[in-house]
Amino acid sequence: IVIKQNKMPVRMPASYLDAFQDWHPYLAERKLSREVCEIFKVKYDPQTSQIVFPCFDIAGKIIMAPRRSIYNKTFYIDKDQDKPVYCLDYIIKNNISTAMICEGPIDVLTCYTYGYPAIGTWGNPSPSQIDAINKSPIKVLYIAMDNDWAGRRMANTIRAGLDPRIIVKEVHWLPGHKDPNEHSYEEFQKVMNEAKNS
């Protein structure tokens, strides 16, 4: 569920994150490693009981800071703001040529925890997001959207907009599993081995 909130200022100061905690057990419950959460500066706001997922530009400035409640699936994100591609700044800065693309931040962070670089669209991908991917170092993209009707529609949108130079691989989640986070490490590796060989 996405709930609109007041528009946040563009390029928030780094001090914006200082008021939050560095870790919450919820992150471990979601199978995310502390190391990965530290790399991407994932925080916990105890006043609202929400996980904060800051998004950065290539210069390291915070450009958006969506949140998710630890008690339900409610996301708080400004729908009026042009959504950046989550973690694309990391891909660009590290010149990563092979990555996965998922819907939400927990899926993206799960991929990193399991050893695979990833980016996220925050739901339905926009033309500006696809354009940013086309301009990135990515040469091989594993499409790993949710295993449902909406996810398949998003995957089609991504495929249609990608530069032909980008090699596209399909990730097929195991039956009864909707997204990366619903897989164990072993299940995830099995799925990815099949995708690599497809």
Taking atom CD as the centre, does Glu35 end up with more than 12 heavy-atom neighbours from other residues, nucleotides or ligands that are less than 6.0 angstrom away?
no
Would you say NZ of Lys169 has more than 12 non-hydrogen atoms from neighbouring residues, nucleotides or ligands within 6.0 angstrom?
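Atom NZ in Lys169 is crowded, with more than 12 foreign heavy atoms closer than 6.0 Å.
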If I take atom CE from residue Met145 and atom NZ from residue Lys178, how far apart are they, to the nearest 0.5 angstrom?
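Answer rounded to 0.5 Å: 11.5 Å.
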Working to the nearest 0.5 Å, report the span between CH2 of Trp149 and CE of Met154.
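Those atoms lie 9.0 Å apart.
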Could you tell me if the side chain of [Y] sits less than 4.5 Å from the side chain of [X], heavy atoms only?
{"X": "Val168", "Y": "Tyr142", "result": "no"}
{"X": "Cys37", "Y": "Trp23", "result": "yes"}
{"X": "Ile119", "Y": "Tyr90", "result": "no"}
{"X": "Phe188", "Y": "Cys111", "result": "yes"}
{"X": "Pro117", "Y": "Ile91", "result": "yes"}
{"X": "Cys102", "Y": "Asp179", "result": "no"}
{"X": "Thr157", "Y": "Ile130", "result": "yes"}

So Trp122 and Tyr86, ring pair (Phe, Tyr, Trp, His ring centres under 6.0 Å) or not? Walk me through it.
CA-CA 8 Å; Trp122 302 102; Tyr86 186 53; 5.2 Å; yes
Keeping the roles fixed (side chain from [X], backbone from [Y]), state whether a donor-acceptor pair exists under 3.5 Å.
{"X": "Asn94", "Y": "Ile96", "value": "no"}
{"X": "Ser184", "Y": "Glu187", "value": "yes"}
{"X": "Asp57", "Y": "Gly60", "value": "yes"}
{"X": "His183", "Y": "Asn181", "value": "no"}
{"X": "Asn134", "Y": "Asp163", "value": "yes"}
{"X": "Gln129", "Y": "Thr121", "value": "yes"}
{"X": "Asp131", "Y": "Pro127", "value": "no"}
{"X": "Lys61", "Y": "Met12", "value": "no"}
{"X": "Ser49", "Y": "Ile70", "value": "no"}

Could you pull out the closest heavy-atom pair between [X] and [Y], with the gap in Å?
{"X": "Leu174", "Y": "Val191", "answer": "CG-CG2, 3.7 Å"}
{"X": "Leu141", "Y": "Ile158", "answer": "CD2-CG2, 4.2 Å"}
{"X": "Asp82", "Y": "Ser126", "answer": "OD1-OG, 4.1 Å"}
{"X": "Lys83", "Y": "Asn124", "answer": "NZ-O, 3.5 Å"}
{"X": "Val108", "Y": "Ala118", "answer": "CG1-O, 3.6 Å"}
{"X": "Pro66", "Y": "Ile77", "answer": "CG-CD1, 4.0 Å"}

Test Tyr44 against His24 for ring pair (Phe, Tyr, Trp, His ring centres under 6.0 Å), laying out the working first.
CA-CA 6 Å; Tyr44 172 68; His24 188 276; 4.2 Å; yes
Given the rule that I, L, V, M, F, W and Y join up when any side-chain heavy atoms are under 4.5 Å apart, are [X] and [Y] in one cluster?
{"X": "Phe40", "Y": "Met100", "answer": "no"}
{"X": "Tyr116", "Y": "Ile138", "answer": "no"}
{"X": "Leu27", "Y": "Leu109", "answer": "yes"}
{"X": "Tyr112", "Y": "Trp173", "answer": "no"}
{"X": "Ile167", "Y": "Met192", "answer": "yes"}

Start with the C-alpha gap between Lys43 and Asp22, add the side-chain angles, then the distance that decides, and say whether side-chain contact (heavy atoms from CB on, under 4.5 Å) holds.
CA-CA 5 Å; Lys43 303 289 184 178; Asp22 290 334; 2.4 Å; yes
Among Cys55, Ser136, Pro137, whose side chain to side chain contact (heavy atoms under 4.5 Å, CB included) with Leu88 holds?
Ser136
As a quick check of understanding, evaluate side chain to side chain donor-acceptor pair (under 3.5 Å) for Thr48 and Asp45, giving each step before the final call.
CA-CA 6 Å; Thr48 61; Asp45 181 356; 3.1 Å; yes
Mind running side-chain contact (heavy atoms from CB on, under 4.5 Å) on Lys139 and Ile166 for me, showing each step along the way?
CA-CA 5 Å; Lys139 296 179 180 177; Ile166 298 177; over 6 Å; no
Salt bridge check: are Arg159 and Glu170 linked by an N-O gap of less than 4.0 Å?
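Between Glu170 and Arg159 there is a salt bridge, with a charged N closer than 4.0 Å to a carboxylate O.
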Between Arg152 and Asp148, is the closest basic N to carboxylate O distance under 4.0 Å?
no
side-chain contact (heavy atoms from CB on, under 4.5 Å) evaluation trace for Ile133 with Ile101
CA-CA 10 Å; Ile133 294 168; Ile101 184 166; 3.6 Å; yes
By side chain to side chain donor-acceptor pair (under 3.5 Å) - contacts of Lys190 (at least two apart)
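In terms of side chain to side chain donor-acceptor pair (under 3.5 Å), with neighbours along the sequence ignored, Lys190 is linked to Glu194.
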Take Arg67 and Ile51 through the test side-chain contact (heavy atoms from CB on, under 4.5 Å) and record every step on the way to the result.
CA-CA 5 Å; Arg67 297 155 168 260; Ile51 303 297; over 6 Å; no
For the residue pair Arg68 / Tyr26, report whether a side-chain donor-acceptor contact shorter than 3.5 Å exists.
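Judged by distance alone, the side chains do pair up.
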